[in-house]
Trainee: 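Can you read through this structure? Questions will come right after.
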Amino acid sequence: MTEIPKAYEPKAVEEKWYQFWLDQKCFVADPARVSEKRPAYSIVIPPPNVTGVLTMGHVLNNTIQDILARKARMDGKEVLWLPGTDHAGIATQTVVEKTLRKEGKMKHRDDLGREKLLEHIWAWKEKHGGIIINQLKKLGASCDWTRERFTMDPDYSRCVQKVFVDLYKKGLIYRGKRMVNWDPAARTALSDEEVNMVEEKGHLWHIKYPVLDDAGCQMPERFVVVATTRPETMLGDEAVAVNPTDPRYTHLVGKKLLLPLRNKSIPVIADEFVDPKFGTGCVKVTPAHDKADYEMGVRHNLPFTIVIGPNGAMTNEAGDGFAGLDRAEARKSVVEHLEKLGLLVKVEDYVHNVGYSERSNVAIEPYLSEQWFLKYPSVEKAIECVAGSAGAPPAAVGALADSSERTRTSGAWDSAERPSVEGGAPSTAREGAGAPLMRFHPDRWAKTYTHWMANIRDWCISRQLWWGHRVPVWYNEEAKSKLGRKLPVIELSGDELSGANIKELRAAAWDFADKHLLLNRTFHNDETGWEILVRPASLEHAFTHLGPPNIKVVVVLPEIIRTAVKVGTLWHVPENENFKRVHLFVAAARVAGELYQVKITVKEHLNGQKLYDHQLFKIEAPDGVSPMPAAVASEPTRPTSGAEIQIGALFRDVNTDTTFVRCQIEFPGEGWTQDPDVLDTWFSSWLWPFATMGWPEQTETLKKFYPTADLVTGPDIIFFWVARMIMAGHEFMGDLPFRNVYFTGIIRDKQGRKMSKSLGNSPDPLDLIAKFGADALRFGTMRSAPLGQDILFDEQNVELGRNFCNKLWNACRFRQMVGQASRLSPSDSSQPTENETGATPVPQVPAFEVQGEINPALLTSDDKWILLRLDQAIREIDAAFAEYKFSEATATLYRFFWSEYCDWYVEASKAALRPVEELKGEELKSGDAGASLTLQPFNPSTSEAHARKANKLAVIDFVLSHTLRLFHPFLPFITEDLWHGLGFSADMPEDQGGKTIIFAHWPKPLSDDEKSHYGLDATADQVATAKYDLVGKGRNLRREFNIPSGKKIKFVLKPAGDLPAYEAEVIKNLLNAEVVELNPAYAAPKGTPSALSPLGELFLPLEGLVDVAAEKARLTKELAKITTEIEKVAQKLNNPGFVAKVPPHVLEEHKSRLAEWQGKQKHAQSALDALANL
RNA sequence: GCAGGUUUAGCUCAGCGGUAGAGCACCAGUAUCACACACUGGGGGUCGUAGGUUCAAACCCUACAACCUGCACCA
């Protein structure tokens, strides 16, 4: 046969199987397959930055998601793991700008212009955007790549803009001039969440401001002293504030001060904000450069003088000598000047916190600018839905306890994954809120979440960048340009049409229109020269649905059309496909003394016809309108009164009127320009769970896979992303975006430092994969990542993963070898296998039947023991999954497979697995002494040996096939390879492991029926355990007497009871003994080292080589240890309180433990005594 | 300042009332035919400190300390 490599070689295996999975569409989710029996399970990936590269953080995060997804597939669910990337506005634009600057293609983005820069960024995205996706594939991520999304995809962009428009229409989005966090490097506003406060050692400069007298002259030696951490901002000071109750300064309130360096007079104001106890009690007020000062500026009506520009340099307002300086240079210069003038009192060291841009890492500047803000929607619902986040502590604790109880008793994954409304404890703390629907893991993050939600502030969503979703707001430049133009005011007295009520008024109006031939006739507009058609339908609308002025105005219809001024065009006419576009006109009319704005829409038909419509809005008469002269109307056309009004005066607020500003996705029409700002990247990310599934269309995917089951992310983006997604889910989908949120820890280096590029302490995961394999990286990471704790990364973890894979590989290789060796057995009728291709390293169909039937009658104590251990492992792993404790699951897998299966079970089984023919004629030596010959050696017949071996292999296959499946979510590649290699796929149905282990069923713990069928009871367990205990003691004896572990030696066992020959054979093997003599009557030579075990007394005959001193030392030491233990137990038992109050089973347990130690003590003591006589 | 977390063997972490555990590292031995990416054995801890509750505390309670992470901040 072909050599199977001794060590697992991951590279080829990984590439082969990943391609296989892709080819077989194993990761593709199909909503049509979802049914009651096949529930949906979905996760959306936290989209990484499109230009990013894989970090250890991604490895951790995506491995967990992959484990969840693969586990769910094995649980028989229809799984959607939806991947994609994020456009990451600032980060990406910054990277590309930096590159372009390096290449000398620009100095500032303005040099290139918006379009050109965007071209470069898109090109960058095309080139680098796939990198991280390919890296995720290397990791084994089982995402449905056919559904990969990017936050700047056209469909996705539409979602973002639709959401903006909807929220705008709900009145939740507004524009305003506010103090925002300004990043002078990226030159954009940032949200509060994007600012890191960093403690810094700075200074507190104390500056004298001279007091001025009423005449504005400097008063000698009269100063006010202010303290500041930012002296450069004094150039923009507009006041000095004191507390109104501060007796030291009340006399100064209202007085003027001279602002040094600017030689400008500023007032002393009184404001509650000032803390008289801090510093001098006087605060300089810079309204345009400090949040608190801004508030004061608003309260006291101060000017807002901007002295630091958007680039962080001083503006012209800062004055000669300062303008153009960077803010840091300006600080130096200001201090120097003040010092020269003798106005600097002192400089103190001062520790304070400075906000830094999370992106550019430069100090942020509070900056007054016009921005878009969002009042968060669905806040209440988002607070209520998170378990443990609200309500009284007892209720929250009760809910958790109850729910985890369910998880434990049912042992089912489902209960943890989708807590039902009935399942949770009803919360009395929140009326009618029902049970919490979402769980955080670890749940303490719910507190952080609630705290933030409770103190939530409006979100600054605009960014002064180019890479991102542009704000879907349009400004009508055409209208703005005409704001100053004047319009004639059309006068009508209001009683030209008579009617006692509205009905009669309408009749009169129709009569008038008819009589004066207004209907189906065109009228001329002076400004455009257009002929505008008045249809009956137009008047019908105005007459029927709008108020009397709209009816009365019919008498001046021709004048209105003639004088109307065109203020805009809209392309978007959704109501009627026949219209090409709509033109907006405005005219002015005074009806019965009241001034009206006449909004006219002229619909331009495809055939060129222009159709009239009007609507009147009453406006307050502004100043400056010429008085109304008397006017008489009798003709269809008549002259205007001569009164005029500015177009601007007809609109109450040009910043909100839809004539000037429109919030809509589509380009409104000629003369409209879009808001230059883009939206915060998170304003697109918060829609991720449903925008990726086709929303706003009600797609099948959305119907079946939303809400998602689990979200796996870092707690650092709990506000940025998680909280916002929860709100968006409620607001737009009416449901939570996910049921569970798993918060990973932060990956740190060995020393506990955060991974960072500058420290160079972040290993490249791809290097690790190349060196150790993807499975090794996954296993090592998961093994060292306990729930809710930071992870200290050490390459040794990955090495350990590699070693583990190798162990798994070799254990399966061993199964191959013993299976094939048995080919020679006479009863074997299967075809000899040949390795035809040599392509795959492992796969050989073994001669022994794979997963043969287990015959309970032939099970040894070892077999039963390993089946019980397997059962235990499955239970532990299920429990770990239910609580998202992946490190516990890996620890269990490690323990079960390495120590229980390989070290004990396989070693113990080797006797039965030896080629059958070798057993022929071989006798188990039973010692020389005739006295011991009563015992039968273990020497089964050939056919019996064969049957035993077959059964052993069946057990091994049972264990391995379960083990591989348990491992699969963690180690997808190697398990797939071995699954096929060992032939487990051969007998399985195509969709249950036949094609791939991906769809093999997740192992179930053994049922009581199965356990009794196989005879798995406590006795079987005890026999094996006692045996291994004896072996441990024998090995220890061996070691204590420096017998090399390779040397075959003789042991003598004085059995405590019946010991089947088979068990003796196993003991012999595990002890690597030449022979284990079973001799109930053994009389050990004095000084023979021995150990006491439940199975009997084990002797290591040294045949005269006893080192008395060594043995004495050993026994003395052992005795000391025994004595300590006895003392500990005895102390407890001697305590009267203990005996009186302790539960009976604990008392019994202590008593038997004492007896056990006493037995050992006796044994050791007598051995020692024996030595004394030598 | 407020909140949360952590503190157990040299390292990383389990254990959360009833005999202190694992892996790695360390020491020693072993080329035994699945695996030296291995096997065998071993040493090593008054469980951060001080009190308290209890028959019994690493575990529960109360202080305190150190380190981390958020949040809020007065010039």
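Numbered from 1 within each chain, the chains take letters A, B, ... in sequence-line order.
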Trainee: Checking all strands, does A:P442 fall into the base, sugar-phosphate, or nothing category for heavy-atom contacts under 4.0 angstrom?
Mentor: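 Result for A:P442 = nothing.
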Trainee: A:R1039 side chain N/O closer than 4.0 Å to the phosphate oxygens (OP1, OP2) of B:rU40?
Mentor: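 So the side-chain polar atoms of A:R1039 never come under 4.0 Å of the phosphate oxygens OP1 or OP2 of B:rU40.
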Trainee: Just to be sure I understand the rule, does A:R802 reach a base, reach only the sugar-phosphate, or reach nothing, if contact means heavy atoms closer than 4.0 Å?
Mentor: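 Touches a base.
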Trainee: Are the ring centres of A:F970 and A:F804 closer than 6.0 Å?
Mentor: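 Here the rings of A:F804 and A:F970 have centres that are no less than 6.0 Å from each other.
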Trainee: Does any donor-acceptor pair link the side chain of A:K6 with the base of B:rC35 at a separation under 3.5 Å?
Mentor: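 In this structure, the two groups form no donor-acceptor pair.
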Trainee: With a 4.0 Å limit, can you tell me whether A:N1072 has a side-chain N or O closer than that to the phosphate oxygens OP1/OP2 of B:rU40?
Mentor: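 No, outside the criterion.
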Trainee: Rounded to whole angstroms, how far apart are CG on A:N1036 and C1' on B:rU40?
Mentor: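 Value for this atom pair: 11 Å.
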Trainee: Looking at every strand, decide which applies to A:R783 at a 4.0 Å heavy-atom threshold: base, sugar-phosphate, or nothing.
Mentor: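 Since only primed, P, OP1 and OP2 atoms lie under 4.0 Å of A:R783, the category is sugar-phosphate.
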Trainee: Remember a base hit wins even if backbone is also touched, and classify A:D794 as base, sugar-phosphate or nothing at under 4.0 Å, heavy atoms.
Mentor: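 Nothing, no heavy atom under 4.0 Å.
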Trainee: What's A:F804 touching, base or sugar-phosphate or nothing? Going by heavy atoms closer than 4.0 Å.
Mentor: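 No contact.
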Trainee: With a non-hydrogen cut-off below 4.0 angstrom, is A:D903 in contact with a base, only sugar-phosphate, or nothing?
Mentor: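 Touches sugar-phosphate only.
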Trainee: Using a 4.0 Å heavy-atom cut-off across all strands, classify A:K1048 as base, sugar-phosphate, or nothing.
Mentor: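 Contact class for A:K1048: none.
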Trainee: Give one of base, sugar-phosphate or nothing for A:E907, where a contact means two heavy atoms less than 4.0 Å apart.
Mentor: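 Base contact - A:E907 has a heavy atom under 4.0 Å of at least one base atom.
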Trainee: Ignoring the backbone of A:N806, work out which of B:rC37, B:rC71, B:rA34 is nearest its side chain.
Mentor: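 Out of B:rC37, B:rC71, B:rA34, the nucleotide with an atom closest to A:N806's side chain is B:rC37.
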Trainee: Return the value, rounded to whole Å, for the distance between atom CZ of A:R230 and atom P of B:rC74.
Mentor: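 Distance check: A:R230 CZ to B:rC74 P gives 13 Å.
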Trainee: So A:Y350, base contact, sugar-phosphate only, or nothing? Heavy-atom distance under 4.0 Å.
Mentor: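 Since only primed, P, OP1 and OP2 atoms lie under 4.0 Å of A:Y350, the category is sugar-phosphate.
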Trainee: Over how many whole Å does the gap from A:I266 atom CD1 to B:rA75 atom C1' extend?
Mentor: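 Result: 14 Å.
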Trainee: Any idea which of B:rU19, B:rU69, B:rA75 is nearest the A:T228 side chain?
Mentor: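 Nearest to the side-chain atoms of A:T228, counting from C-beta on, is B:rA75.
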Trainee: Using a 3.5 Å distance criterion without hydrogens, assess whether the side chain of A:D977 forms a donor-acceptor pair with backbone atoms of A:V13.
Mentor: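 Between the backbone of A:V13 and the side chain of A:D977 there is no qualifying donor-acceptor contact (under 3.5 Å).
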Trainee: When you match A:V906 and A:V1139 each to their closest nucleotide on RNA chain B, which lands nearer the 5' end?
Mentor: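 In this pair, the answer is A:V906.
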Trainee: Respond yes when some side-chain nitrogen or oxygen of A:W898 is under 4.0 Å from OP1 or OP2 of B:rC39, and no when none is.
Mentor: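 So the side-chain polar atoms of A:W898 do come within 4.0 Å of the phosphate oxygens OP1 or OP2 of B:rC39, strictly under.
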Trainee: How is A:S784 classified with respect to the nucleic acid when contacts are heavy atoms under 4.0 Å: base, sugar-phosphate, or nothing?
Mentor: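 No contact.
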Trainee: Between B:rU19, B:rC24, B:rA14, spot the one nearest the side chain of A:E1125, thanks.
Mentor: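 The nucleotide sitting nearest to the side chain is B:rU19.
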Trainee: Contact class for A:A1140 (heavy atom, under 4.0 Å): base, sugar-phosphate, or nothing?
Mentor: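 If one applies the 4.0 Å heavy-atom cut-off, A:A1140 turns out to touch nothing in the nucleic acid.
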Trainee: Under 4.0 Å from OP1 or OP2 of B:rA34: is there any side-chain N or O of A:Y8 that close?
Mentor: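 Result: no.
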Trainee: So does A:K447 get a side-chain nitrogen or oxygen closer than 4.0 Å to the phosphate oxygens (OP1/OP2) of B:rG4?
Mentor: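 A:K447 to B:rG4 OP1/OP2: side-chain N or O found under 4.0 Å.
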Trainee: Scan every strand shown for a Watson-Crick or G-U wobble partner of B:rA22, both distances under 3.5 Å, and answer none if you come up empty.
Mentor: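 Checking every strand shown, B:rA22 finds its partner in B:rU12, with both distances under 3.5 Å.
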Trainee: If you check the A:N803 side chain, which of B:rC37, B:rC35, B:rA20 turns out closest?
Mentor: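 Side chain of A:N803 sits closest to B:rC37.
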Trainee: Measure distances between side-chain N and O atoms of A:K910 and base N and O atoms of B:rA34, and say whether any donor-acceptor pair falls under 3.5 Å.
Mentor: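 Result: at least one qualifying N/O pair found.
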Trainee: Please verify the inter-ring angle class for A:Y894 with A:W898; under 30° counts as parallel, over 60° as perpendicular, anything in between as tilted.
Mentor: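 Because their plane-to-plane angle is under 30°, the rings of A:Y894 and A:W898 count as parallel.
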Trainee: Now, which nucleotide makes the Watson-Crick or G-U wobble pair with B:rA28, with each of the two distances under 3.5 Å?
Mentor: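 Looking at the geometry, B:rA28 pairs with B:rU40.
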Trainee: Pick base, sugar-phosphate or nothing for A:C902, based on heavy-atom distances below 4.0 Å to the nucleic acid.
Mentor: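 Result for A:C902 = base.
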Trainee: Is A:E1074 paired with A:K1048 through a side-chain N to carboxylate O contact shorter than 4.0 Å?
Mentor: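 No.
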Trainee: So that I can tick it off, tell me whether A:R895 and A:E876 are bridged by a salt bridge, with the cut-off set at under 4.0 angstrom between side-chain N and carboxylate O.
Mentor: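 The answer is yes: the pair qualifies as a salt bridge.
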Trainee: If we call it a pair only when both distances are under 3.5 Å in a Watson-Crick or G-U wobble match, what pairs with B:rG70?
Mentor: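 The answer is B:rC2, by the H-bond criterion.
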Trainee: How many angstroms lie between CD in A:E883 and NE2 in A:H441, if you round to the nearest 0.5 Å?
Mentor: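 It comes to 9.5 Å.
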Trainee: Kindly point out which of B:rA72, B:rA75, B:rA25 is positioned nearest to the side chain of A:R457?
Mentor: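 Shortest atom-to-atom distance from the side chain points to B:rA72.
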